[in-house]
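The structure appears right after this line, and notes come after that.
The figures that follow rest on heavy atoms only: side chains count, while hydrogens, waters and symmetry mates do not. All ligand and atom numbering here is 1-based and tracks the order in the structure.
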Amino acid sequence: MVKKVAGVLGATGSVGQRFILLLADHPDFELKVLGASPRSAGKKYIDAVNWKQTDLLPKFAESIIVSECTASAFKDCDVVFSGLDADYAGSIEKEFKEHGLAVISNAKNYRREEDVPLVVPISNPEHLELIETNLAKAKKEGKPKPGFIVCISNCSTAGLVAPLKPLVEKFGPISLLTTTTLQAISGAGFSPGVPGIDVLDNIIPYIGGEEDKMEWETKKILGSLNEDKSEIKLLSDDEIRVSAQCNRVAVSDGHTECISLKFKNQPAPSVDEVKQCLRDYVCDATKLGCHSAPKQTIHVLEQNDRPQPRLDRNRDHGYGVSVGRIREDPVLDFKMVVLSHNTVIGAAGAGILIAEILLAKNVI
Ligand SMILES: NC(=O)C1=CN([C@@H]2O[C@H](COP(=O)(O)OP(=O)(O)OC[C@H]3O[C@@H](n4cnc5c(N)ncnc54)[C@H](OP(=O)(O)O)[C@@H]3O)[C@@H](O)[C@H]2O)C=CC1
Ligand SMILES: N[C@@H](CC(=O)OP(=O)(O)O)C(=O)O
């Protein structure tokens, strides 16, 4: 198969660097165009980037000349992944969409737009049907293939919804949900990033905007498409109440979340039924045979002291989510600890898995 041409916006950042690692030797995509700020544009990637990954910079990327983030520089791309700073993503991604490009974005700017799917690929890939509906409509009207934006969720939201989706599918709605996060420093990006003096020997009990994003995005991701697949109906505050508290901790990669939940339907299932439901869940990307899809979507861990970021974040190459300490909660029904790799299934990996799903459906 001829590989699709891919580009990465924000290629020098925390998410951008992860895209480069995950797209090296990818069977479906060939990464040809890298974009970053005017400070980096015109330089060889190796000279523009401050590489911070524990894996070495892949050779193929070293000598690519960094482009400015303009649609003309990316015009030959079948898909453009964005890891842009949100201060700049809004206008750049809009221009790309208007030029007919397919953009899969990590930035928050368009997540709340009605015609933009907000997708965690292991949880709600069906929301991508919104894009298919728009493309079919344009085709029927004899218009050229339109560009589009798909948004990836906030990285903590991705970990949160991963166990919720199978539970809701099997046991019905969740009415109350609380989460307390312990978030890795790579989540704060590299420009400038969290200063060592702030985070070492410390916990920072505030991440700007994060709690609101988790509380809102969960309602869109768990919402459903209307009958003609043209709109996503968010869950209302009456259907689910979500409360998030977010903390930054001195972990390099991997967001941990302590969650508690209550089902609407009572009596609630047993702990064993909850565990079995999570173990049995197979995400659509795995069923479709997507290259990066996790073999096991949710890893249910039985050891009392797991999951731990350093030990568990790379399960299924970071595309799988770990859930441990599943037990009854004396206030709500259950509590558990969830761990997800914030720059893989919470960011770049999610973008690649979305692209693989869109490719399987002939959208890109
Ligand atoms: N890190 C994470 O775990 C997650 C991040 N996100 C989101 O993904 C996006 C990227 O995050 P992250 O990688 O952490 O951020 P970084 O700060 O590490 O990287 C930002 C990128 O944006 C580029 N940039 C900055 N200014 C401009 C400009 N004027 N024009 C074009 N490009 C510019 C930078 O290029 P240069 O190096 O040249 O300055 C860099 O490549 C953000 O929107 C973030 O909120 C979402 C989920 C998880
Ligand atoms: N705020 C997240 C990462 C992020 O940038 O999220 P968002 O794309 O929702 O702003 C973190 O600090 O770990």
Side-chain angles (χ1 to χ4, degrees), residues 7-21 34-43 45 47-53 61 66-71 73-74 80-93 95-96 103-112 118-120 149 151-160 181-194 199 204 206-218 220-221 244 246-249 251-257 309 313 318 340-351:
V8 171
L9 293 164
T12 48
S14 172
V15 172
Q17 293 183 22
R18 182 64 65 179
F19 270 121
I20 284 168
L21 284 177
L34 303 178
S37 78
R39 295 178 292 279
S40 304
K43 295 182 185 162
Y45 184 72
D47 298 326
V49 72
N50 185 1
W51 189 257
K52 290 186 195 283
Q53 309 300 315
V66 177
S67 301
E68 295 226 17
C69 297
T70 57
F74 285 74
V80 178
F81 299 102
S82 170
L84 281 173
D85 184 322
D87 284 350
Y88 307 97
S91 56
I92 294 172
E93 292 174 1
E95 188 213 344
F96 276 51
V103 180
I104 302 178
S105 175
N106 281 280
K108 65 182 176 190
N109 308 59
Y110 295 107
R111 288 181 192 157
R112 298 189 188 211
L118 177 61
V119 176
V120 177
I149 298 173
C151 282
I152 299 158
S153 78
N154 166 271
C155 42
S156 306
T157 311
L160 176 64
T181 70
L182 306 147
Q183 296 182 218
I185 49 180
S186 60
F190 294 161
S191 45
V194 184
V199 78
I204 303 166
Y206 175 69
I207 301 175
E210 195 82 352
E211 294 170 355
D212 176 57
K213 278 185 271 185
M214 290 190 75
E215 292 166 5
W216 190 90
E217 291 181 17
T218 299
K220 182 163 178 180
I221 294 164
C246 298
N247 304 282
R248 184 76 66 202
V249 298
V251 165
S252 58
D253 288 319
H255 286 357
T256 303
E257 304 182 38
R313 63 190 166 211
S340 57
H341 197 304
N342 56 301
T343 64
V344 183
I345 197 58

Tell me, which protein residue and heavy-atom name are nearest atom 38 (O) of ligand 1, and how many Å apart are they? Ser40 OG, 2.4 Å

Quick one, Leu160 and Glu217 - any side-chain contact, counting heavy atoms below 4.5 Å? no

Subset of ligand 2 atoms that lie under 4.0 Å from at least one heavy atom of Glu210: 1 (N), 2 (C), 11 (C)

For Glu211 and Cys246, indicate whether the former's side chain and the latter's backbone hold a donor-acceptor pair under 3.5 Å. yes

For ligand 1, indicate whether the residue Ala347 contacts it via side chain, backbone, both or neither (heavy-atom separation under 4.0 Å). side chain

Quick one: does Arg111's side chain have a donor or acceptor within less than 3.5 Å of a partner on Ile152's backbone? yes

Among all protein non-hydrogen atoms, which one is nearest to atom 43 (O) of ligand 1, and what is the separation to 0.1 Å? Leu84 O, 2.7 Å

Atoms in ligand 1 flagged as close to Thr12, the criterion being non-hydrogen separation under 4.0 Å: 34 (C), 35 (O), 36 (P), 37 (O), 38 (O), 40 (C), 41 (O)

Side-chain donor/acceptor pairs under 3.5 Å, residues 181-191, sequence neighbours excluded:
| from | atom 1 | to | atom 2 | distance (Å) |
| --- | --- | --- | --- | --- |
| Thr181 | OG1 | Gln183 | OE1 | 2.9 |
| Thr181 | OG1 | Asn247 | N | 3.2 |
| Gln183 | OE1 | Ser156 | OG | 3.1 |
| Gln183 | NE2 | Ser156 | OG | 3.2 |
| Gln183 | NE2 | Glu210 | OE2 | 2.9 |
| Ser186 | OG | Ser252 | O | 2.9 |
| Ser186 | OG | Asp253 | OD1 | 2.6 |
| Ser186 | OG | Asn342 | ND2 | 2.9 |

Checking heavy atoms under 4.0 Å, the part of Ala48 that sits near ligand 1 is neither

Got the closest protein heavy atom to atom 23 (C) of ligand 1, with its distance? Gly10 CA, 4.2 Å

Among non-hydrogen protein atoms, atom 11 (O) of ligand 1 lies closest to Val15 CG2, 3.9 Å

Is the closest side-chain heavy-atom distance between Ser14 and Thr343 below 4.5 Å? yes

If you measure from each non-hydrogen atom of Phe190 to ligand 1, which part falls under 4.0 Å: side chain, backbone, both or neither? both

What atoms of ligand 2 come within less than 4.0 Å of a heavy atom belonging to Asn154? 6 (O), 7 (P), 9 (O)

Subset of ligand 2 atoms that lie under 4.0 Å from at least one heavy atom of Ile207: 12 (O)

Give me the nearest non-hydrogen protein atom to atom 24 (N) of ligand 1 as residue plus atom name, then the distance to 0.1 Å. Ser37 CB, 3.9 Å

So for ligand 1, is Tyr88 a polar contact partner (N or O within less than 3.5 Å, distance only)? no

I'd like to know whether Asp212 forms a salt bridge (Lys or Arg N to Asp or Glu O under 4.0 Å) with Arg112, so could you lay out the CA-CA distance, the side-chain angles of the two residues, the decisive distance to 0.1 Å, and finally the verdict. CA-CA 12 Å; Asp212 176 57; Arg112 298 189 188 211; 3.0 Å; yes

Within-cut-off N or O pair, Gly187 and ligand 2, under 3.5 Å: yes

Sub-4.0 Å protein heavy atom next to atom 45 (O) of ligand 1: no

Where ligand 2 meets His255 - atom numbers and elements under 4.0 angstrom, heavy-atom basis: 13 (O)

Under 4.0 Å, counting heavy atoms only: does Lys108 come that close to any atom of ligand 1? no

Atom 12 (O) of ligand 2: nearest protein contact (heavy atom, Å): Arg248 NH2, 2.4 Å

By ring pair (Phe, Tyr, Trp, His ring centres under 6.0 Å) - contacts of Phe96 (at least two apart): Phe74

Asn342 versus ligand 1: do any nitrogen or oxygen atoms come within less than 3.5 Å of each other? yes

Starting from atom 21 (C) of ligand 1, what is the nearest protein heavy atom, named by residue and atom, and what distance separates them? Gly83 O, 3.6 Å

Would you please determine whether Gly346 falls within less than 4.0 Å of ligand 1 on a heavy-atom basis? yes

Could you tell me which atoms of ligand 2, counted from 1 in the order shown, lie closer than 4.0 angstrom to a heavy atom of Asn106? 8 (O)

Numbered atoms and elements of ligand 1 in range of Thr343, under 4.0 angstrom, heavy atoms: 3 (O)

Using a 3.5 Å cut-off on N or O atoms only, is Ser153 in polar contact with ligand 1? no

among protein heavy atoms, the one nearest atom 19 (O) of ligand 1 is Gly13 CA, 3.3 Å

Can you name the atoms of ligand 2, numbered from 1 with element, that are less than 4.0 Å from a heavy atom of Lys213? 6 (O), 7 (P), 9 (O), 10 (O)

Suppose I only count heavy atoms of Ala11 and a 4.0 Å limit; which atoms of ligand 1 are within that range? 41 (O)

Judged by atom type as modelled, is there a donor-acceptor pair below 3.5 Å linking the side chain of Ser40 to the main-chain atoms of Ala36? no

Identify which one of Asn106, Leu84, Asp85 satisfies the side chain to side chain contact (heavy atoms under 4.5 Å, CB included) criterion when paired with Leu9. Leu84

Only heavy atoms of Gly187, strictly under 4.0 Å: list the atoms of ligand 1 that pass. 1 (N), 2 (C), 3 (O)

Quick note on ligand 1: atoms under 4.0 Å from a heavy atom of Ala107 include exactly 43 (O)

Within the 4.5 Å heavy-atom criterion, are Leu34 and Ser67 side-chain neighbours or not? no

heavy-atom search around atom 22 (O) of ligand 1 in the protein gives Asp85 N, 3.2 Å

Polar atom proximity, Ser186 to ligand 1 (N or O, under 3.5 Å): yes

Which of the atoms in ligand 2, numbered in the order shown and given with their element, are less than 4.0 Å from a heavy-atom of Arg111? 7 (P), 8 (O), 9 (O)

With a cut-off of 4.0 Å, which atoms of ligand 1 are near a heavy atom of Cys69? 31 (C)

Is the contact between Ala184 and ligand 1 made by the side chain, the backbone, both, or neither, using heavy atoms and a 4.0 Å cut-off? neither

